[in-house]
Amino acid sequence: MALLLLMSGCAKEAALHTETAGSEQAVSGSNLYSDTELTETSDSEQTVSGSNLYSTAEFEEEYTYTGNDLGANWSKEGTEFKLWTPTADAAAVCLYQSGDFGAEDLIEEHPMDRGEKGVWSILVPGDLNGIYYTYKVTADGKETEACDPYAKAVGVNGDRGMVIDLSSTDPEGWENDKNPNAGKDATDAVIYELSVRDFSADESSGISEENRGKYLAFTEQGTTNGTGETTGLDYLKSLGVTHIQLLPIQDYGYVDETVADSYNWGYGTKNYNVPEGSYSTDPYHGEVRIRETKEMIQSLHENGMSVVMDVVYNHVYDAQEFCFNKLVPDYFTRISESGTYSNGSFCGNDTASERSMVKKYIVDSVVYWTEEYHVDGFRFDLAGLLDVETVNEIVEEVRTVSPDILLYGEGWTMPTVSTKSGTLFAVQANAALTPGFAYFDDRIRNRVKGQPSDDSQGFVTSGQYASQIKGNMLAHIDWTKEPSQIITYVSCHDDLTLWDKVNRVSAGTREEKIQQNKLASAVILGAQGIPFLHAGDELLRTKVDEAGNVIANSYESSDFVNSIKWDALSDPEIQAVSQYYAGLIAFRNAHKALRMTSAEEITANAASLSEVPENVVAYQIDGTDIAGETAQKLLIAYNPNTSAVVLELPEGEWSVCVNGQQAGAAVIETVSGSLEMEGISAYMLVQGETE
Ligand code: CA
């Protein structure tokens, strides 16, 4: 159980400790291995039966399978089961009546035949749609039964796979469903990070009781809170965000799907190609969660929003119990020099993405979600544990299916041990090696609000870091200059919410703290890059437990702590904050100049203002050379000081669209010569034709 305890929220702490290291060198894994089989050492805490032989060129040449038919391939006439397990002496598929683990309802067991590259297969005649199954393999005289790593459907808690006719899970009109933001640039996205459960768990969501906390909550329209304020899907649409990033929806292991009240963020995957069961209205029947996930995505698409999945390929929920590791002993997981699992994730295990069939598995999985579920983007948890080759192969393969897909992740440097020499990891410092992949920028996050979970101050609460933030505004940071590779953000599911952080460190009045919250997001939405907001920052979301304690990492807290409290919108003060955020997004969406696509474009068109009052950050964009932009100039300026200051304006008449109190694409007033900036306020001005 110690391992399980370690796994809870694990990587989050680790990320905090390591992400500020900021090495500019290419990072490579250490080669601690010889090519001889490892033997288990006496100080090993886990029984690790894997071998580094898996990572040798000889093994990979002999056993790398390139077909795209692993798993259960259904047709009405028969289902072909294909399993990659080169280490097995015997393999069989067991067919069951139900998906319940341990239920004694075996229908029949079919021995499989060994074919090339370590792939075992058997064609079972008849229509098996809805039949559950497992694989049973014998290796080294030991028999093991496990779920199919390529299972596309599972029973409750994901212990048995299910054969499925996927076309039967398509909602009506699915063939016409598509990414509503297709054809746009990565920098055109405004990402909003949201948990399926948090979105609607609270009664104030106005979502029907049966769909609260479920995928189907995203299909309800016209919902309101107790005083009639718009909530749910309609609210998301009104905010103007382009992409909804969902916390993990791949089947995870923390929650018992037979128990309604269990809560977890879900950063510990059990079945990578299946949606989580606890968000469905029926986790027992494998087809239900699939259809409901598709209905959710279809509904978001119909309302103009793309869908990004948060995927946790870097480690698994339980390495010893993970089906792939049971069927091919510990193949999926890195083993360190001492013969124990490598633990750079701080979650008990690290995925050996550098191995050919792990790489294939991850690529296949991402492509599957893109094709079958029409997912429009992927956020890779601890991408820094994955190797550069795997990430680039994901980018290449998935873009052939969906050219405009958004791909990004956490590029923190983690203390993992590759099973091959010379492995390069997908970390910020290697951004130039993964040009189609973006990384979260912890620099802007920490400078704007201070470090995530301590008492340190940031720009909005103290005026510090103005000179560094100037660089951030122009996508000019130490590890990249490409706006399409930078996720700009101040808060996410980890650590204190923006409002809780501001509250903790600010010496200001409530009114000033609200201005600081708004200023933080105005910096993000006014910067070059890909802006990312955490759900509820615009509702002054706080995570407080029943005893009044503020919870920084609420991964296993209750709905009481985590759920979005939609009644907040009944408070005019909070309603105004929400509208201000919507206005900032509207302004950004209206001006391509804020969404430039390359370092060259930014250098040619934008520059910081040098003559500015103390602590003020300001930059100007001349839109003449920006693709798709009319000859417009923009001026973006932030005053973190509590007192008003006067900013000398560049020549000409300027239209103010954003000030400290109002925001939008429309003109509030026109000014020239100078601009009086109120204390703790953002300003966005336009010169030339406005849209
Ligand atoms: Ca689950």
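Counting starts at 1 for both ligands and their atoms, in listed order. As the structure is a prediction and not an experimental result, all values here were calculated from the model.
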task = Would you kindly check if the NZ (Lys) or CZ (Arg) of K270 is within the cone defined by 45 degrees around the ring axis of F322 and under 6.0 Å from the six-membered ring centre?
result = no
key: E276 atom (N/O/S) at minimal separation from the Ca ion (ligand 1)   = OE1
query = Going by atom types alone, do H110 and Y133 pair a side-chain donor with an acceptor below 3.5 Å?
reply = no
task = Tell me, please, if N271 has any N/O/S atom, main chain or side chain, under 3.0 Å from the Ca ion (ligand 1)?
result = no
ask   = How wide is the angle at the Ca ion (ligand 1) between OE2 in E257 and O in Y252, to the nearest 10°?
value = 170°
request  = Using a strict cut-off of less than 4.0 Å between a Lys/Arg side-chain nitrogen and an Asp/Glu carboxylate oxygen, indicate whether D559 and R197 qualify as a salt bridge.
outcome  = yes
message = I'd like to know whether E145 forms a salt bridge (Lys or Arg N to Asp or Glu O under 4.0 Å) with K326, so could you lay out the CA-CA distance, the side-chain angles of the two residues, the decisive distance to 0.1 Å, and finally the verdict.
response = CA-CA 8 Å; E145 188 174 351; K326 288 176 83 172; over 6 Å; no
query = So which of the N, O or S atoms of D251 lies nearest the Ca ion (ligand 1)?
reply = OD1
